[in-house]
Amino acid sequence: MSSDKPLLSESEPFSTPDPQPLHHRRQSSLRISSLRCQHHGRSFSSSDAEETQDCNLYRQKELDKKIELKGGEAVSGNSLEYPAFRPGRKGFLSGDLGRQCPQRERRRFVSWGGVMDVQQNVKAFEVSGTSSRITPRLQDVNRPLTPQRSERFLHLSMHLEDNMAHHDNPRFIHINDPKKTNDNSDFSGNEIRTSKYTLLNFLPKNLFIQFHRVAYLYFLAIAALNQLPPLAVFGRTVSLFPLLFVLTVTAVKDGYEDWRRHRSDRNENNREALVLQSDGFCPKRWKMIQAGEVVKISSDETIPCDMVLLGTSDPSGIAYIQTMNLDGESNLKTRYARQETNKLVLEGTIISGMITCEQPNRNIYEFMANMELNEQCLPLSQSNIILRGCQLKNTEWAIGVVVYAGQDTKAMQNSAMSPSKRSRLETYMNRETFWLSVFLLIMCLVVGSGMGLWLKRHESQLDTLPYYRKIYFQKGKDGKKYKYYGIPMETFFSFLSSIIVFQIMIPISLYITMELVRLGQSYFMIGDRHMYDSSSNSRFQCRSLNINEDLGQIRYILSDKTGTLTENKMEFKKASIWGKSYGDTNSAADSQGTDVGVEDAMVGGRKWKLKSEITPDSELIKLLYKDLHGEERIAAHEFFLTLAACNTVIPILTDSPLSNGPTSIDYQGESPDEQALVAAASAYGYTLFERTSGHIVIDANGEKLRLDVLGLHEFDSVRKRMSVVIRFPNGSVKVLVKGADTSMFNILRKDLSCDDHIRHATHSHLNDYSSEGLRTLVVAARDLNGELLAEWQHMYEDACTSLTDRVVKLRQTAALIECNLTLLGATAIEDRLQEGVPEAIESLRQAGIKVWVLTGDKQETAMSIGLSCRLLTADMHQIIINGNSEHECRKLLCDAKAKYHVNSANCFNDMTNLKRKSELNLIELSSQTKSPNMPQQIADEEDRPSFGPFGPLALIIDGNSLVYILEKDLEYELFNLATSCKVVLCCRVAPLQKAGIVDMIKSRTDDLTLAIGDGANDVSMIQMADVGVGICGQEGRQAVMASDFAMGQFRFLKRLLLVHGHWNYQRLGYLILYNFYRNAVFVLMLFWYILCTAFSTTSALTDWSSVFYSVIYTSVPTVVVGILDKDLSHKTLLKYPKLYAAGHRQESYNMPLFWITMVDTLWQSLVLFYVPLFTYRESTIDIWSMGSLWTIAVVILVNVHLAMDIQRWLFVTHAAIWGSIIVTYCCMVVLDSIPVFPNYGTIYHLVKSPAYWLSILLITAIGLLPRFIFKVCHQIFWPSDIQIAREAEILRKGRNFSGSNADQPKPGTQELFPDLLEFPKQEEERRGVFIILVPHIARGSELP
């Protein structure tokens, strides 16, 4: 893939695309930073290097291969061939050095980063490593984006908000002159508002939001129809009650939440800060602060707005801040005041000047501005600004000038909410709601048509029939005329009136019931002590209440590795220095043999006490402390000097209580990797103990070494390395570099033969470290002097003061010195697995869930971790896809599919058919092989496609290959191969590639996906998945803030899915079906009555009874059962993970189950209507008495129906079921005691009649008898896995209850229990046990 031609030749004019101002580039990053992804400007660590995708590998290699030595000076690429790199010019190339590709590759465009076509004036976007930053690239207009990409992913990756103005329209801030700053500019004040409503717009706005639910519009139309005189079936007030009740409850909830926001805003805006006035710093409310004012912040105070630091209490201008309120990270970060302004502040001089900065934007990791002070132009960056919401720590005071206030602050710019998600059950519920609407329409058409036919048949009698006589006679006199509209209109009115009567066929109460049930389920999930992490003191969090039930149907888990499967607590283990490996166990064991002279030399280092002790390698200690000379000793010295200096770690010193005791030192950094490396350097005698904006101080073997920091090139995803330029006390200048091996080996010098030996030895050590699961970094350095140093300084100054393309210019400046490096060695850090990860993964796989790992680590490291966590096993055939071109990737995919007999056309269809059969329960079992676990066998077959002689497959693919594959022509091939494998392991993937893999699964299957991660680079994946889980880890809380659920450890995922997910799905599935049944049986009862009353849409029930039925009479039991019912104990669900497959087969909610429920509903409604009719056929009972009987009978029937299905009886359950019947009687007594109602006194007469009680008994028995018989037969002859497991639980409890028999079980019982949960060999014996349990199982109870 390399080219022998330079990237830019003198004969080839440099052709750049139409220069886009930097705001376009920053605009691209803003959208992603709103998702809280990391930016390239954060400090570098091995975590960053390994969490980067090799998307720009090709171009970077091409660039690095051009680094040569000309005339004694190092050049990068064609830097000296092009005048833009001359010291005399201040201009920079507007394009990236690594942006050009050979002609044969320029035809290829991949939207996932990496290779891009260079076309003019057409802009595309590219993913760059961990930053999730999208930078402008050039796209081939002839290659469309993958059509399978979901709209949400396109919105995530391509639709970037234009929330930042052009850099040619910068913001001017006059220091300490707010009047001049704000007079000619429309700057926002510092008052914030997070509330949604005001007193004036609350009612209309809240109603508008609520009526986005189509069901609410339906009930509004019903209520409006009932207000028309010809259609007033119910009382006009009564008909509005259900809708008003729902709207009122929701409005009160929304109003309370918004009131709390108003209160929070009021408290926040009325806080006070010290603002510089004419007579000094005076208190001023936050909401009154303006841009341009100078504000003083004291220690532990919250920063009121975004401010550029002018000075601090520290003479070096350093300030420590905590950004937990902004990005969730608890580690302290350093911010610096410019030495020029800090000196003036300490002297008490009033500062006047002007800051030219960018317009407000969301990017919390970047700030570009210049300060004009005393005719000097001082560059400002992200390290010079402190943001609203952060807290000042370990600094007595800090003074800054306000640049962004109120809604313009970065905190408020990032206040967007996570995208909302809908559960799969709710989607299916809409499908069933459609069928109920069809039933409703059919019933209304029957009533309307029947009315028309009846009127036509009795047309000659209409003058004499009541309600149709033209004249209403009253007391022998002519009265008012009836309003008779003719047969067509009467038929139409009858149709509309029947819609009003049958309105609760669509259950409006179901929405509120589901919200209450989900809230209750979340309460118990949060309170589960088994998901409490004591190490981080974090409880389980439910951040979304819409998708609880989706936890019971997960098919794919896509997990990050670092910090998710591992602890992300780094420990320095090994090092390769000058071609020799140190830190092996055998050498560490010889630590007792350290020479006395070495011990004496180490005394100087003992005055520092690290928070975490590290056992140094004795051989390496000898090398460092013996008075040796030579290249190896120098390399070891520079190696640890680089570890101590090339970072952004903050040392926190704590004096010892003893006068001569060691000083405690704790390192605070943005990455655990950096902290581990600096701590390791300190353990070997190179202790960083002071850091300012201009210098660092290191205790090197007892010698205090002050190093001036001339420049720092922070990590970015293109370079994948970090470098610092330092000046030693003797005046020499070095650049110290550390980075990922893929980016470092190409920029090493190659002029000496010894270098090749060291390079090969180091490379071998890196492979060994990676195979052990260790995280690696490469360390190198070089001397800078003369013209090259002057050129770099000039370019660095120009880049730092540039407001346009600053990032690109800094990258070009870094490329000038990051070349021809001397390899010093490599580091190896251990990131241990979290507790319980292997067991959790094994259980999840037994449950039929596929676990895919998407990581930015090296392939060897990821594979090693995969083996240790049981993701990869020895019997798996590994398919490795590492391609560097589209052709190569296509060939690798085709070869793998041919070798393992993966058929693109048939593989996915076979899997879909198997799933459909298992979901519809259409698996036919022969009498010889009948097994209750056969559906699970089918589920297992999905994870084990037919490979002929081959066993399970594992696909291992790197991010560079995904660059080419995630396109429309290769993505389908990857999907077929990946879904045919038992394990998929993606290495070196970028954040948006993680989201792309999730989207690939979602767009091509109906399976539910769950993404779990702990860092900012996992945010896009978490938000793309159906369910997103965040880990409260060491990398901040960005993933938690973007997730639907959050937990402290990966192992809790096992309990979350197998226990709570199963319970939630089973409860919600039954709840929805029960609500459909409950309302449908009531409506059908009214329908039969209307058919017997000349289709007149009159009702035997009172208006209030019809309204109270679903709101009061039967609502509480459904909520209680939906929250508390359990079909199996948590111990059983955890012991037998295969029971989770019931959610995959949709056993609790599916279309056949819906139709069976509707048939049962039809039968029960007929029983409800005709049993009282036959019981009272010879009596003179009035219609209102019959209505009272139907009301109480239907309430008792549906509650006993619910009681039959309850699996776990509690006191609350009993109170809800039987209490609702009592409440119904009480309400009927109250309603029948009101004289103005037509049903006055009916209940008092009915309860005295034996026929009344006989009717209720017969209705309950006859109505539920078919259901009871069907349930018993189904559980005896076609039991499910759940039912068999429940039998085992009941038998076990029965054994324990029998006391003496517990130790001596009946013969054959011990052998029976495993068979009940696996594959029973003696079906007759199992059936015999089942028949004994029928009485208990049929009513859903448990043995004592």
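Any value given below was found using the heavy atoms of this structure, including those in side chains, with hydrogens, waters and symmetry copies removed.
- Salt-bridge formation is detected for the pair Lys574/Glu772: a Lys NZ or Arg NE/NH1/NH2 atom is positioned less than 4.0 Å from an Asp or Glu carboxylate oxygen.
- Side-chain atoms of Glu830 do not come within 3.5 Å of backbone N or O of Lys573 as any donor-acceptor pair.
- Aromatic ring orientation, Phe745 versus His763: perpendicular (interplanar angle above 60°, classes split at 30° and 60°).
- Judged by distance alone, with hydrogens and angles left aside, the side-chain atoms of Ser961 form a donor-acceptor pair with the main-chain N or O of Gly883 at under 3.5 Å.
- A donor-acceptor contact under 3.5 angstrom links the side chains of Arg775 and Thr562, judged on distance only.
- Of all the heavy atoms in Ser868 and Pro838, the pair that sits closest is O-CG, 3.7 Å.
- Distance alone, capped at 3.5 Å, is enough to place a donor-acceptor pair between the Asp1018 side chain and the Asp1014 backbone.
- With hydrogens and angles left out, the side-chain atoms of Asn882 and Gln859 include a donor and acceptor closer than 3.5 Å.
- Side-chain contact between Lys850 and Lys982: absent, with no pair of heavy atoms (C-beta onward) separated by less than 4.5 Å.
- Of all non-hydrogen atoms in Asp768 and Ser771, the two that sit nearest each other are O-OG, 2.6 Å.
- Atom CE of Met863 and atom SG of Cys987 lie 8.0 Å apart (nearest 0.5 Å).
- Under the 4.5 Å side-chain criterion, counting only non-hydrogen atoms from C-beta, Cys1032 is not in contact with Asp533.
- The nearest pair of heavy atoms linking Leu953 to Ser980 is CD1-O, 4.5 Å.
- Closest heavy-atom contact between Glu971 and Ser1003: OE2-OG, 4.5 Å.
- Looking only at side-chain heavy atoms (C-beta outward), Ile1031 and Ile1012 come within less than 4.5 Å of each other.
- Shortest non-hydrogen contact noted between Asp560 and Lys994 is OD1-NZ, 3.4 Å.
- Taking every heavy atom of both residues into account, Phe1045 and Met525 meet most closely at CE2-CE, 4.3 Å.
- Side chain of Thr564 to backbone of Lys561: no donor-acceptor contact under 3.5 angstrom is found.
- Taking the charged nitrogens against the carboxylate oxygens, Glu842 and Arg870 have no contact shorter than 4.0 Å, which rules out a salt bridge.
- The CG atom of Leu833 sits 6.0 Å away from atom SG of Cys869, with the distance rounded to the nearest 0.5 Å.
- No donor-acceptor pair under 3.5 Å is formed between the side chain of Ser743 and the backbone N or O of Arg721.
- To the nearest 0.5 angstrom, Thr776 atom OG1 is 10.0 Å from Tyr769 atom OH.
- From His765, atom NE2 reaches atom OG of Ser581 across 5.0 Å, with rounding to the nearest 0.5 Å.
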Evaluate Ile957 against Ile965 for side-chain contact (heavy atoms from CB on, under 4.5 Å), listing each step before the verdict. CA-CA 10 Å; Ile957 185 170; Ile965 291 175; 3.5 Å; yes
Val998 vs Ile1022, side-chain contact (heavy atoms from CB on, under 4.5 Å): CA-CA, chis, key distance, verdict: CA-CA 9 Å; Val998 176; Ile1022 287 173; over 6 Å; no
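- Using a 4.5 Å cut-off on side-chain heavy atoms (C-beta onward), Leu1053 and Leu1010 make contact.
- Atom CD of Gln878 is surrounded by more than 12 heavy atoms from other residues, nucleotides or ligands within 6.0 Å.
- Put simply, the side chain of Asp1026 does not reach to within 4.5 Å of the side chain of Ile547, judged on heavy atoms.
- Of the possible donor and acceptor atoms, none in the side chain of Arg543 sits under 3.5 Å from a partner among the backbone N and O of Val1029.
- Side chain of Gln1049 to main chain of Leu565: no donor-acceptor pair is present (N/O by atom type, distance under 3.5 Å, no hydrogens or angles).
- For the pair Tyr964 (side chain) and Asn884 (backbone), a donor-acceptor distance under 3.5 Å is present.
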With side-chain contact (heavy atoms from CB on, under 4.5 Å) as the test, would you mind laying out the steps for Val983 and Leu872 before giving the verdict? CA-CA 7 Å; Val983 173; Leu872 298 174; 3.9 Å; yes
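- Between Asp741 atom CG and Thr762 atom OG1 the span is 11.0 Å, to the nearest 0.5 Å.
- No side-chain heavy atom of Leu962 sits under 4.5 Å from any side-chain heavy atom of Ile881.
- In summary, the side chains of Lys1002 and Thr1009 do not present any donor paired with an acceptor at a separation below 3.5 Å, with no hydrogens or angles considered.
- Between Arg555 and Asp550 there is no salt bridge, since no side-chain nitrogen of the basic residue lies less than 4.0 Å from a carboxylate oxygen of the acidic one.
- Residues passing the salt bridge (Lys or Arg N to Asp or Glu O under 4.0 Å) test with Glu888, sequence neighbours excluded: none.
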May I have the step-by-step check of side-chain contact (heavy atoms from CB on, under 4.5 Å) for Gln541 and Val1040, ending in yes or no? CA-CA 9 Å; Gln541 300 178 39; Val1040 171; 4.1 Å; yes
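- A perpendicular orientation is assigned to the rings of His1144 and Tyr1140, their planes being inclined by more than 60° (bins at 30° and 60°).
- Checking Asn537 against Tyr532 by side-chain atom types alone, a donor-acceptor pair falls below 3.5 Å.
- Rounding to the nearest 0.5 angstrom, the gap separating the CD1 atom in Ile956 from the CD1 atom in Ile880 is 5.0 Å.
- In this structure, the side chain of Gln834 engages the main chain of Phe1050 through a donor-acceptor pair within 3.5 Å.
- Residues Thr742 and Lys720 have side chains in contact (heavy-atom distance under 4.5 Å, counting atoms from C-beta outward).
- Contact check for Met570 versus Arg832: no side-chain heavy atoms found under the 4.5 Å cut-off.
- Using a distance-only test at 3.5 Å, with no hydrogens or angles considered, no donor-acceptor pair links the side chain of Ser843 to the main chain of Ala840.
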